[in-house]
Amino acid sequence: MLWKDNYEIGVPQIDEQHKELFRRVESFLQVLRSQVSWEEKVQKVNETLEFMKGYVVEHFRDEEEYQKSVGYPGFEAHKQIHTGMVDYVLEFSKQYEQSNHDEQLIQQFGGKLLAWLINHVAAEDQRIANYARKKGDELK
Amino acid sequence: MKDQIFKAYFDATQKVFNLMLNISEISAHPSEDFKCDDEVDIAIGITGDLQGKVIYRFPVATSLNIVNTMSGMQFDAVDAFVTSAVSEIANIISGNVLSALSENNMDCDILPPVQCSLDDDKEYGINTSCRIDTAIGEVCLEIRLNRAA
Ligand SMILES: [Fe+2]
Ligand SMILES: [Fe+2]
């Protein structure tokens, strides 16, 4: 499984969203890498891409809300990373549409998405958790 | 200066391999021993106080191991997916290096990863390379940088 329990940040809503994101990316990759012809997988690939576009934006928004609520000092920088990824996904989708669903393009997208997501959740999102934990300890 | 920059790259590689691939031990060796015919070469350009590029040389076996580890799936050949995934790893390592450099008062930026050849006829004040060994294979770093005038 793509998801690892040590990615949890201890905020149930965010953890659930991360798990859902990993599940979706995993099934996306399974379709993308399956041995059937591109004609057979293109529809499922497109559906997942559409879902992800919406879900990622929703998740980023909720996570940013949480950061604000705990006064996370890295908020602006983190928001910029989110915005950068959303811009990339939208730009990619446009190219992909214009190419009339070119398989090479989406294989490229899949590779980047996999590495980006793991790093973002395992490194960047963990910083929010570390901060909230430290702050919690100080209040004790 | 050269050592400081090399250390920033080594530490960032260690951190990223640890966080993303769960590999905690890596070690640095002279690059003369890096022999590889079939590899994925990714350049990350650098601008700002340092100018030039760093080339990440991932042997095919290392590239496949990285992607297999990340995805839990079986990749047998380098294709657009694999190249893109290891390009992003190079990008992430370089991003970590930027933070380390800015703590040493060097402000730099990076360019998006590109597949490249190793040939380069430019002169560099800092021109060094190093082989890094990990549990899932070797990586070779070619650091080619000048300080901004
Ligand atoms: Fe997140
Ligand atoms: Fe995030």
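So that the names make sense, note that chain A is the first sequence line, chain B the second, and so on, each numbered from 1.
Cluster annotation: B/Y9 and B/Y124 are assigned to distinct hydrophobic clusters (Ile/Leu/Val/Met/Phe/Trp/Tyr, side-chain heavy-atom contacts under 4.5 Å, transitive). By the criterion of side-chain heavy atoms lying less than 4.5 angstrom apart, applied directly or through intervening Ile, Leu, Val, Met, Phe, Trp or Tyr residues, B/V114 is not grouped with B/V40; the two fall into different hydrophobic clusters. Under the 4.5 Å side-chain heavy-atom criterion for Ile, Leu, Val, Met, Phe, Trp and Tyr, B/M106 and B/L111 are members of distinct hydrophobic clusters. Clustering ILVMFWY residues whenever any of their side-chain heavy atoms sit less than 4.5 angstrom apart, transitively, puts A/W116 in the very cluster that holds B/Y56. One hydrophobic cluster, built from ILVMFWY side chains closer than 4.5 Å, cannot hold both A/Y131 and A/F60; they sit in different ones.
The parts of B/M70 that come within reach of chain A are both its backbone and its side chain, each placing non-hydrogen atoms under 4.5 angstrom from that chain.
Across B/V67, B/L19, B/I92, B/I89, the residue that shares the most heavy-atom pairs under 4.5 angstrom with chain A is B/I92. Contact tally against chain A (heavy-atom pairs below 4.5 Å) for B/A80, B/S87, B/G72: the top residue is B/A80. Across B/T83, B/V82, B/D79, the residue that shares the most heavy-atom pairs under 4.5 angstrom with chain A is B/D79.
Atoms CE and NE2, from B/M20 and A/H120 in turn, are 12.0 Å apart once rounded to the nearest 0.5 Å. Between the CD atom of B/E88 and the CG atom of A/L113 there is a distance of 9.5 Å, given to the nearest 0.5 Å. Distance check, rounded to the nearest 0.5 Å: CG of A/N119 to CG of B/N96 gives 7.0 Å.
Surrounding NZ of A/K79 are at most 12 heavy atoms belonging to other residues, nucleotides or ligands under 6.0 Å away. Residue B/D11 places its CG atom among more than 12 non-hydrogen atoms of other residues, nucleotides or ligands, all under 6.0 Å distant. Other residues, nucleotides and ligands contribute over 12 non-hydrogen atoms within 6.0 Å of the CZ atom of A/R23.
For the residue pair A/L114 and B/S71, the shortest heavy atom distance occurs at CD2-CB, 3.8 Å. Taking all atoms of both residues into account, the shortest heavy-atom contact from A/K112 to B/S84 is N-OG, 3.1 Å.
Against chain B, the residues from residues 28-56 of chain A that qualify, each with a non-hydrogen atom under 4.5 angstrom away, are A/L29, A/Q30, A/L32, A/R33 in number order.
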